[in-house]
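A quick write-up on the structure given underneath.
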Amino acid sequence: MTGHAEQITAFLAVAAEHSFARAAKSLGVAPSSVTRTVSELEARLGVQLLVRTTRRVSLTQAGTAFRAQVEPLMAGLAQAQNDVRAFQTTLTGTLRVSAPLSFGLHRLSAPLISFRDATPDVDLQISLTDRFVDILTEDFDMALRISGAPSDLSTIWRKIAPVPRSLVASPNYLTQHGTPQTPGDLTAHTALAYTHLANGNVWQLTSAASGLTEPVRIKAGLTCDNGDLLAQLAQADQGIALLPDFLLRDAIASGDLVRLLPGWNPPEIWLTAFFPPYRRLPAALDRFTACVVTALGGTPL
């Protein structure tokens, strides 16, 4: 049994050619296949659509009415299919991307400029937020996240670049409260904690020398969901923070912040791109991802 669309396509071809043989040739199939397909359509509808003679095939009154209704529908279907294929292969349309606020402000401008220069016909919508965005329910095409190993099985993802982190505090804070020499010393200090920390108020630190991991339950005097603000508070002598290096380099270089416990490393996190479960990325999304990888991939942020 052939599909409904195939039956209608065969019927329209016969109606246009007034011949099963010529319709079969235009469709690239055997005449017997067209005859059988149109007969199936008539049987399904319970009405005769074509009058068959040895000289010519003509439309019945019902066939004329049916053709008038389905012809524009099939044309619209063909256009819709072409439009969908174009979405997969052409650099047009709208692209909605979510990214963390601090990352967007510090590192995203270069890939955005590169993408816009290469794809002027794509409308790019960037949403900067530090909350977790569900790209499947919130209608995003892609999310850039800075996190540990992905656990979301409903999306596909690609690691782009490692994001080193450091424990830091201001010189004034350390003068007032002392400099921690071991991970255990952190329990006596005020921590400036990131709200969405995967392990709650526990910092996992691994010794570079021994490979042993020591969990430290911190006293979070303040929590915040934005790294820039935490870095500013650390510079203002408010406590010790664990933050990505790309937020800290200028303050460390100027002496406003000092790295702590250099022989101990926090768990590895990455800049990661998350996508809906596409079998193949649409062209604009693939190009945007390539711009991010070219600008930021490979080396630590």
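Values below: all heavy atoms of this structure, side chains included; hydrogens, waters and symmetry mates excluded.
Closest heavy-atom contact between Gly211 and Thr206: O-CG2, 3.5 Å. Nearest heavy-atom pair across Ala99 and Leu108 is CB-CD2, 4.1 Å. Heavy atoms only, all atoms of each residue included: Phe20 and Val34 are closest at CD2-CG1, 3.7 Å. Minimum heavy-atom separation, Pro267 to Gln204: CD-O, 3.1 Å. Across every non-hydrogen atom of Ala62 and Gln48, the tightest pair is CB-O, 4.0 Å. Listed here is the closest heavy atom pair of Thr195 and Thr223: OG1-C, 3.8 Å.
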Next item on the list: Walk me through it: do Asp141 and Tyr278 pass the test side chain to side chain contact (heavy atoms under 4.5 Å, CB included)?
Entry: CA-CA 10 Å; Asp141 299 294; Tyr278 291 111; 4.1 Å; yes
Next item on the list: Kindly determine whether Phe66 and Leu45 satisfy side chain to side chain contact (heavy atoms under 4.5 Å, CB included), including the steps that lead there.
Entry: CA-CA 10 Å; Phe66 185 66; Leu45 297 176; 3.9 Å; yes
Check: When you look at Val122 and Phe115, which way does the side chain to side chain contact (heavy atoms under 4.5 Å, CB included) test go after all the steps?
Finding: CA-CA 9 Å; Val122 176; Phe115 178 78; 3.9 Å; yes
Item checked: Steps toward side chain to side chain contact (heavy atoms under 4.5 Å, CB included) verdict (Arg52, Val38) -> CA-CA 12 Å; Arg52 301 142 171 93; Val38 173; 3.7 Å; yes
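By the neighbour-count criterion of 12 heavy atoms within 6.0 Å, atom CD of Gln61 is sparsely surrounded, having that number or fewer from other residues, nucleotides or ligands. Summarising the local packing, CZ of Arg116 is surrounded by 12 or fewer heavy atoms from other residues, nucleotides or ligands at distances under 6.0 Å. For Arg22, the CZ atom is densely surrounded, since the number of other residues' heavy atoms within 6.0 Å is greater than 12. The environment of Arg287 atom CZ is sparse: at most 12 non-hydrogen atoms of other residues, nucleotides or ligands sit within 6.0 angstrom.
Taken from CD1 in Ile8 to CE in Met74, the straight-line distance is 5.5 Å, to the nearest 0.5 Å. With values rounded to the nearest 0.5 angstrom, Leu257 atom CG is found 10.5 Å from Gln232 atom CD. Separation of atoms CG (Leu233) and CD1 (Ile240) is listed at 14.0 Å; rounding is to 0.5 Å. Distance check: Asn201 CG to Arg217 CZ gives 7.0 Å after rounding to the nearest 0.5 Å. Distance check, rounded to the nearest 0.5 Å: OG of Ser127 to CD of Glu138 gives 8.5 Å. Here CG of Leu95 is found 5.5 Å from CG of Leu124. Values are rounded to the nearest 0.5 Å.
Of the possible donor and acceptor atoms, one in the side chain of Asp185 sits under 3.5 Å from a partner among the backbone N and O of Thr182. The main-chain N or O of Gly221 is never found under 3.5 Å from a side-chain atom of Gln238 such that the two would form a donor-acceptor pair. Between the side chain of Ser39 and the main chain of Thr35, a donor-acceptor pair closer than 3.5 Å is present. Between the side chain of Arg96 and the backbone N or O of Asp139, at least one donor-acceptor pair lies under 3.5 Å.
Between the side chains of Asp130 and Ser102, no donor N or O sits under 3.5 Å from an acceptor N or O. Judged purely by distance below 3.5 Å, without hydrogens or angles, the side chains of Ser166 and Asp245 pair a donor atom with an acceptor atom. The closest side-chain donor-acceptor pair between Ser170 and Asn172, if any, does not fall under 3.5 angstrom.
Between Ile135 and Pro276, some side-chain heavy-atom pair lies under the 4.5 Å cut-off. No side-chain heavy atom of Asp225 sits under 4.5 Å from any side-chain heavy atom of Arg131. When side chains are defined from C-beta on, Ile218 does not count as touching Leu242, because their heavy atoms never get closer than 4.5 Å. Side chains of Thr190 and Lys219 form no contact here, defined as non-hydrogen atoms less than 4.5 Å apart. Contact annotation: the side chain of Leu167 never approaches that of Trp264 to less than 4.5 Å [non-hydrogen atoms, C-beta and beyond]. When side chains are defined from C-beta on, Thr60 does not count as touching Val47, because their heavy atoms never get closer than 4.5 Å. Contact of the Leu174 side chain with the Pro180 side chain is registered, since non-hydrogen atoms from C-beta on lie closer than 4.5 Å. Residues Leu50 and Phe11 have side chains in contact (heavy-atom distance under 4.5 Å, counting atoms from C-beta outward).
Geometric assessment of Arg145 against the ring of Phe274 yields a positive cation-pi assignment under the 6.0 Å and 45° thresholds.
Using a 30° and 60° split on the angle between ring planes, Phe103 and Phe246 fall in the perpendicular class, above 60°. Between His189 and Tyr173, the two ring planes are tilted [angle within 30° to 60°].
Trp270 and Leu301 end up in different hydrophobic clusters when Ile, Leu, Val, Met, Phe, Trp and Tyr side chains are linked at under 4.5 Å. In this structure, Val292 is not a member of the same hydrophobic cluster as Ile113, with clusters built from ILVMFWY side-chain heavy atoms closer than 4.5 Å. Residues Val51 and Val14 do not share a hydrophobic cluster, clusters being chains of Ile/Leu/Val/Met/Phe/Trp/Tyr side chains in contact below 4.5 Å.
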